Amino acid sequence: MSFADIENVLGFPIDHSFLKFKKELAEYGWSVGKISMKNQTVAFQKL
């Protein structure tokens, strides 16, 4: 997902601090794969 797509789902803008909380997604059944700051994308995987 692009950063813009993530922001649309969340309803607020994200920044680099979002990356600090990626481990918490496991509580919701997701893990974060590759993060590309250059392309501003995040790959998520369903656990």
Side-chain angles (χ1 to χ4, degrees):
M1 292 182 82
S2 70
F3 283 13
D5 290 337
I6 296 167
E7 291 173 356
N8 284 334
V9 170
L10 295 175
F12 55 85
I14 62 170
D15 57 19
H16 69 280
S17 66
F18 167 78
L19 305 176
K20 294 179 185 178
F21 300 102
K22 66 183 183 181
K23 292 180 182 178
E24 294 180 11
L25 289 177
E27 297 175 24
Y28 301 97
W30 292 92
S31 68
V32 175
K34 182 176 179 172
I35 299 169
S36 173
M37 296 303 287
K38 179 180 178 183
N39 295 324
Q40 294 191 339
T41 58
V42 180
F44 293 97
Q45 295 177 330
K46 183 83 170 150
L47 297 175

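Fair warning: this is a prediction, and the values are worked out from it, not measured in the lab.
Atom CE of Met1 and atom CG of Asn8 lie 8.0 Å apart (nearest 0.5 Å). The NZ atom of Lys46 sits 13.0 Å away from the OH atom of Tyr28 when rounded to the nearest 0.5 Å. One finds the CD atom of Gln40 at 12.5 Å from the CD1 atom of Ile35 (value rounded to the nearest 0.5 Å).
Using a 4.5 Å cut-off on side-chain heavy atoms (C-beta onward), Val32 and Phe44 make contact. The shortest side-chain heavy-atom distance between Val42 and Lys22 does not fall under the 4.5 Å cut-off.
In terms of heavy atoms, Ile14 sits closest to Glu7 at N-OE2, 3.1 Å.
Transitive grouping of hydrophobic side chains (ILVMFWY, heavy atoms separated by less than 4.5 Å) brings Val9 and Leu25 into a common cluster. In the hydrophobic clustering of ILVMFWY residues, with side-chain heavy atoms under 4.5 Å counting as a link, Met37 and Ile6 come out together.
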